[in-house]
Amino acid sequence: MDESTAREILKRSREEIDKIDRDILDLIAARISLAGEILEAKRVLGMDILDPERERQIIERTRKIAGENGINEDKLVQLMKILMDLNKNEQKELLRRN
Ligand SMILES: C=C(O[C@@H]1C=C(C(=O)O)C=C[C@H]1O)C(=O)O
């Protein structure tokens with residue numbers, strides 16, 4: 001590969017990454033935006049914000065998907081735990097405000 005081809009590939013790949021990052025961040029915002037209706041449903045059902053069994057299932061599924069795609073399982077689980085924390089923090093914040 002010559003230098004100008006390498007430069008072009010790097011530029012295109014980074015543009016693709018920028019688009020993917022935008023999509024990921026939009027999806028994270030959409031995931032967090034479900035906190036309000038989840039909180040309300042839990043209030044009616046008398047459930048706590050934290051649901052350890054549901055989180056266990058999500059982590060198990062994450063490990064499976066990571067394994068199938070050759071992604072480091074522990075790292076992907078860390079990422080998913082952050083997403084779950086973001087959702088729980090949003091539920092707590094909404095509860096505090098109401
Ligand atoms: C969103 C929920 O609340 C919490 C957050 C979860 C998540 O972000 O996936 C999962 C379980 C709960 O601890 C839920 O119960 O579904």
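Just so you know, ligand 1 is whichever comes first in the structure, and atom 1 is the first atom listed for that ligand. Counting from 1, the numbers follow the sequence of the chain as shown.
Using a 4.0 Å heavy-atom criterion, the residues that approach ligand 1 are R31, I38, K42, I49, L50, D51, R54, E55, I58, M84, N87, K88, Q91.
Note that the CG atom of L95 and the CZ atom of R97 stand 11.0 Å from one another [nearest 0.5 Å].
Considering K64, R56, R63 in turn, R56 is the only one that fulfils the salt bridge (Lys or Arg N to Asp or Glu O under 4.0 Å) rule with E60.
With hydrogens and angles disregarded, a donor-acceptor distance shorter than 3.5 Å links the side chain of N72 to the backbone of D74.
Among pairs with a residue in residues 25-39, those fulfilling salt bridge (Lys or Arg N to Asp or Glu O under 4.0 Å) read R22-D26, at least two apart in sequence or across chains.
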* Go through the steps to decide whether R12 and E8 satisfy the test salt bridge (charged side-chain N to carboxylate O under 4.0 Å, His left out), and finish with yes or no. => CA-CA 6 Å; R12 282 212 204 127; E8 190 52 35; 3.3 Å; yes

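Counting heavy atoms from C-beta on, the side chains of M80 and E55 never come closer than 4.5 Å.
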